[in-house]
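Naming convention: chains lettered A, B, ... in sequence-line order (proteins, then strands); numbering from 1 in each chain.
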Amino acid sequence: KQEVTQIPAALSVPEGENLVLNCSFTDSAIYNLQWFRQDPGKGLTSLLLIQSSQREQTSGRLNASLDKSSGRSTLYIAASQPGDSATYLCAVRLGNSGGSNYKLTFGKGTLLTVNP
Amino acid sequence: DGGITQSPKYLFRKEGQNVTLSCEQNLNHDAMYWYRQDPGQGLRLIYYSQIVNDFQKGDIAEGYSVSREKKESFPLTVTSAQKNPTAFYLCASSLQREYEQYFGPGTRLTVT
């Protein structure tokens with residue numbers, strides 16, 4: 001059974017700092033990995049999707065990396081801003097061909113606070 | 001303006017009543033999903049539909065039912081058999097099952 005862990009559970013940084021959020025998963029046979037942002041009381045916003053064949057994806061100040069063999073992904077946020085404050089969720093999709101690659105397994109998230 | 005809509009945003013019900021949560025998408029996506037989110041837990045999959053008139057149980061389907069009569073719509077009914085229905089419910093869709101998932105704004109259900 002795939003398990004996804006996100007460390008730390010909460011992180012507080014001053015504005016302007018670069019930071020890294022971590023995601024680890026137990027089954028390395030993944031199809032892809034998706035990073036989301038969730039603001040309080042809101043739905044999830046997709047940030048980046050990394051396919052299993054890719055090592056990293058970039059969007060603006062965000063960079064996500066994937067090391068399948070070690071079961072890890074990181075989300076790097078450059079020059080953090082107060083508007084980046086939110087919960088960041090990592091989700092993994094298994095890669096087996098048995099028909100279950102629809103399913104995303106989510107971590108519990110990292111609550112990020114960027115202080116002005 | 002493409003996206004996923006969920007209604008209502010807040011829903012209150014008495015114990016023992018069934019309640020239906022709405023989810024509509026105009027993204028022309030084939031696959032749709034229902035998740036439940038509880039404090040301190042990751043999202044958990046309730047039901048999944050790959051195409052119209054087809055759906056499969058997720059990890060926590062007991063006490064829930066769905067229908068998929070139209071591509072755009074995937075309503076979720078929370079029945080009285082669901083033992084702990086108070087939660088935040090999220091609907092999602094993807095072009096096909098292995099593609100990027102997009103989420104709606106969620107419905108917060110409170111049952112007393």
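- Residues B/Y48 and B/Y64 do not share a hydrophobic cluster, defined by chaining ILVMFWY side chains whose heavy atoms lie under 4.5 Å apart.
- Among B/A31, B/P105, B/A92, the residue with the largest count of heavy-atom pairs under 4.5 Å with chain A is B/P105.
- Hydrophobic clustering, with ILVMFWY side chains joined whenever heavy atoms are under 4.5 angstrom apart, keeps A/F106 apart from B/Y89.
- Nearest heavy-atom pair across A/K108 and B/Q41 is CG-C, 4.1 Å.
- Closest approach of B/Q101 and A/S46 over heavy atoms only: O-CB, 4.1 Å.
- Grouping the Ile, Leu, Val, Met, Phe, Trp and Tyr side chains by contacts below 4.5 angstrom, directly or via other members, places A/L75 with A/L112.
- In this structure, the portions of A/L104 lying under 4.5 Å from any heavy atom of chain B include both its backbone and its side chain.
- In B/R44, the CZ atom is crowded: over 12 heavy atoms of neighbouring residues, nucleotides or ligands sit closer than 6.0 Å.
- Put simply, the side chain of B/D59 reaches to within 4.5 Å of the side chain of A/K103, judged on heavy atoms.
- Ranked by non-hydrogen atom pairs under 4.5 Å with chain A, the options B/Q6, B/E100, B/Q96 are led by B/E100.
- Within a 6.0 Å radius of NZ in B/K71, other residues, nucleotides and ligands contribute more than 12 heavy atoms.
- If you measure heavy-atom distances from A/Q38 to chain B, the contacts under 4.5 Å come from the side chain alone.
- If you take CD on B/Q37 and OG1 on A/T87, they are separated by 8.5 Å, rounding to the nearest 0.5 Å.
- Linking ILVMFWY side-chain heavy atoms closer than 4.5 Å, directly or via other members, places A/L48 and A/Y76 in two distinct hydrophobic clusters.
- In terms of modelled atom types and a separation under 3.5 Å, the side chain of A/R93 and the main chain of B/Y99 share a donor-acceptor contact.
- When hydrophobic clusters are built by joining Ile, Leu, Val, Met, Phe, Trp and Tyr residues whose side-chain heavy atoms come closer than 4.5 Å, directly or via intermediates, A/F36 is grouped together with B/L45.
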**Report entry** Check against side-chain contact (heavy atoms from CB on, under 4.5 Å), A/L44 and B/Y35
**Finding:** CA-CA 11 Å; A/L44 277 63; B/Y35 293 90; over 6 Å; no
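- Within 6.0 Å of CD in B/E62 there are 12 or fewer heavy atoms belonging to other residues, nucleotides or ligands.
- Among A/K42, A/Q51, A/Q34, the residue making the largest number of heavy-atom pairs under 4.5 Å with chain B is A/Q34.
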